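I have placed the structure first, in the form of structure tokens, so that the comments after it can refer back to it.
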Amino acid sequence: MESKGPGSWELGVFMEHRARFAVGCLHKQYPEPDRLPEDACLVFVRDGGVCVRSGSTPTIFQETLPDLPEGLKKDARYLGHRGLVPCYAVEVPGDLPLPEGLAYSGVRELAGLIPDEELAVAALAAQIIDYDRTTRFCGRCGAATEPVKTERARVCPSCHRIVYPRLSPAIIVLVRMNDTILMVRGIRAPPGRYSLVAGFVEPGESVEDAVRREVREETGITIKNIRYRASEPWPFPDSLMLGFVADYDGGEVAPDGVEVESTVWVDRDHLPTLPPRLSLTRALIDDWATEPRSADEIKGRGEGR
Ligand SMILES: [Zn+2]
């Protein structure tokens with residue numbers, strides 16, 4: 001568990017969470033250059049994965065290939081500057097031969113193999129290429145869209161509609177009751193795997209309403225004292241996860257049987273197998289589990305800490 005700042009549990013104070021897919025190493029400078037700069041570093045994307053140079057220090061950042069077709073250079077998409085070096089994502093067709101030492105990999109498979117900051121850039125590159133490819137034509141009038149050089153957007157030259165990358169906000173909430181938390185088992189979850197209530201925010205809904213609704217729909221209970229804790233981008237393909245803590249208010253727990261198969265209140269000494277570290281789910285649980293024990297809990301156990 002990473003150290004928490006003083007007063008981390010005061011209302012309104014965010015939780016420290018190192019979001020794995022938050023891109024911290026790039027800064028954007030607009031307007032973008034008119035054409036791909038000679039000194040750009042490139043991230044090659046294919047089928048949602050990225051190209052990795054193997055070796056003692058595997059990396060996703062490549063210099064431009066000598067025989068990179070002009071068309072691919074033209075469709076390179078600016079990601080941001082890494083220090084002084086502009087970084088671009090380039091979608092590469094499957095039949096383009098790769099020099100020795102380069103190979104494609106799914107983004108999530110690269111976790112732990114390349115530095116975390118590169119993992120985040122790899123996910124961003126795949127996300128931006130997907131956005132680019134799925135918005136080439138205007139959804140309103142059907143004309144071909146063009147990339148904008150002054151922000152991350154595409155514009156329709158015919159009807160002037162602007163299309164930004166899509167972000168789908170989703171909530172995840174740790175519900176507390178006394179010294180226990182509510183965990184749910186999804187219908188399709190592997191055996192023994194429990195998680196927290198989660199779901200997408202719907203149109204016309206505030207984020208806090210989404211938190212209340214998802215808990216009610218999935219488990220049948222009502223909650224109170226909803227507090228925001230932390231967030232993380234989850235670019236598979238375009239989620240932004242918003243993490244909350246809330247207190248049980250009332251109602252009988254009754255899994256909906258559609259998304260949630262079963263539910264359980266667990267105390268910190270009886271947690272099931274947890275999702276990997278660095279996930280927001282795990283961070284919310286760890287944050288709760290390392291909170292100083294309440295007087296009641298200590299009394300109930302006849303032990304201190
Ligand atoms: Zn249009």
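Every value quoted in this text rests on a predicted model; they were computed, and no experiment measured them.
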Flag side-chain contact, heavy atom, 4.5 Å: T59 against E118: yes

Hey, is CD on E100 packed in by over 12 heavy atoms from elsewhere, all under 6.0 Å? no

Y78 and H81: CA distance, side-chain angles, deciding distance, ring pair (Phe, Tyr, Trp, His ring centres under 6.0 Å) verdict: CA-CA 9 Å; Y78 176 65; H81 275 65; 5.6 Å; yes

Out of V197, D247, V215, which residue meets the side-chain contact (heavy atoms from CB on, under 4.5 Å) rule with I223? V215

Using 4.0 Å as the upper bound for N to carboxylate O, is an ion pair formed by R229 and E16? no

Hey, is R82 close enough to E117 for a salt bridge, meaning N to O under 4.0 Å? yes

Go through Y248 and R176 one step at a time and tell me if the side chain to side chain contact (heavy atoms under 4.5 Å, CB included) criterion holds. CA-CA 6 Å; Y248 169 81; R176 307 159 49 121; over 6 Å; no

Applying salt bridge (Lys or Arg N to Asp or Glu O under 4.0 Å) between E91 and each of R46, R77, K74, R133, report the one that passes. R133

Within 6.0 angstrom of E151 CD, more than 12 heavy atoms from elsewhere: yes

With a cut-off of under 6.0 Å to the ring centre and 45° to the axis, is R227 in cation-pi contact with F244? no

Is any side-chain heavy atom of L110 closer than 4.5 Å to one of V50? yes

What verdict does the side chain to side chain contact (heavy atoms under 4.5 Å, CB included) test give for R152 and Y164, after you've listed the backbone C-alpha separation in whole Å, the side-chain angles of each residue and the deciding distance to 0.1 Å? CA-CA 7 Å; R152 186 168 285 154; Y164 297 98; over 6 Å; no

Do F61 and C51 have side-chain heavy atoms sitting under 4.5 Å apart? no

Could you walk me through whether L174 and I285 pass the side chain to side chain contact (heavy atoms under 4.5 Å, CB included) check? CA-CA 7 Å; L174 179 142; I285 295 171; 4.0 Å; yes

Under 4.0 Å between a side-chain nitrogen and a carboxylate oxygen: does that hold for R213 and E202? yes

Is the closest side-chain heavy-atom distance between V175 and I221 below 4.5 Å? yes

Are F200 and L167 connected into the same hydrophobic cluster when the rule is that any two of I, L, V, M, F, W, Y join if their side-chain heavy atoms are below 4.5 Å apart? no

Joint cluster assignment, L36 & F44, ILVMFWY side-chain distance < 4.5 Å: yes

Pairwise side-chain contact, V260 with R185, heavy-atom cut-off 4.5 Å (strictly under): no

CG/D249: more than 12 non-hydrogen atoms of other groups inside 6.0 Å: yes

For D39, I'd like to know if atom CG has over 12 heavy atoms of other residues, nucleotides or ligands within 6.0 Å. yes

Report yes if some heavy atom in the side chain of L271 is under 4.5 Å from a heavy atom in the side chain of I181; otherwise report no. yes

